[in-house]
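Report on the structure given below.
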Amino acid sequence: MAFELPELPWAKDALAPHISPETIDYHYGKHHQAYVNNLNNLVKGTDLEGKSLEEVVRSSEGGVFNNAAQVWNHTFYWHSMKPGGGGEPTGKVAELIKSSFGGYAEFRKEFAQAAATQFGSGWAWLVADGDKLEIVKTPNAETPLTTSKKPLLTIDVWEHAYYIDYRNARPTYIDTFLDHLVNWDFANQNLG
Ligand code: MN3
């Protein structure tokens, strides 16, 4: 069974005006789809064919890893956002943000800084190490899925994520993500 491009969790115009349908058309319809296509071509006829996406991410390197991890990271990113999201968290993740960072304001500052200072392409993540939450940034396709830490939330800071809507203004995109898009329900689900 070949890997498939997963459905988006919302309509492609649902995040407007913060993220435009044009960005979704390119980012999901072209970039995410290309990672799926590349991955299928790369694993065809190898012993990775038929393994789960998570297994491939955890057991591969080079081009296979880059494409598999990018398929997984993008699906995780779409679910990290929702229409009408953003702002202060609720539920267990809110408690753990308070105990781990001191409060939402401190978390927000640290997350925004990690996302803004990831040099070149990559990702910023909120992860859980037991009951301790941490912010990590990863270059290119690197993902906390290969570590013992549990990913809760991510922002894509590759230029293709924001260039159509924000041009070079990555910090504005990051602020918008935090204030209008973050899906805290997803982060709480991932805490499990
Ligand atoms: Mn991307």
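One-based numbering along the sequence shown. Read the numbers this way: they start at 1 and go in the same order the structure lists the ligands and their atoms. Because only heavy atoms are used, hydrogens play no part in the values below, and waters and symmetry mates are left out as well, while side chains stay in.
- Around the Mn ion (ligand 1), the protein N, O or S atoms found under 2.8 Å comprise His27 NE2, His74 NE2, Asp156 OD2, His160 NE2.
- Side-chain atoms of His31 and Trp158 form no donor-acceptor pair, as typed in the model, at a separation below 3.5 Å.
- Sorted by first and then second residue, the salt bridge (charged side-chain N to carboxylate O under 4.0 Å, His left out) pairs involving residues 160-185 (not counting sequence neighbours) are Lys82-Asp185, Arg108-Asp175, Arg108-Asp179.
- Using modelled atom types and a 3.5 Å distance limit, the side chains of Thr138 and Trp125 yield a donor-acceptor pair.
- Residue pairs meeting the salt bridge (charged side-chain N to carboxylate O under 4.0 Å, His left out) criterion with at least one member in residues 10-21, sequence neighbours excluded, are Lys12-Asp25.
- Partners of Asp131 under the side-chain hydrogen bond (donor to acceptor under 3.5 Å, both in side chains) rule, at least two apart in sequence or in another chain, do not exist in this structure.
- Between the side chains of Trp123 and Gln70, a donor-acceptor pair is found at a separation under 3.5 Å.
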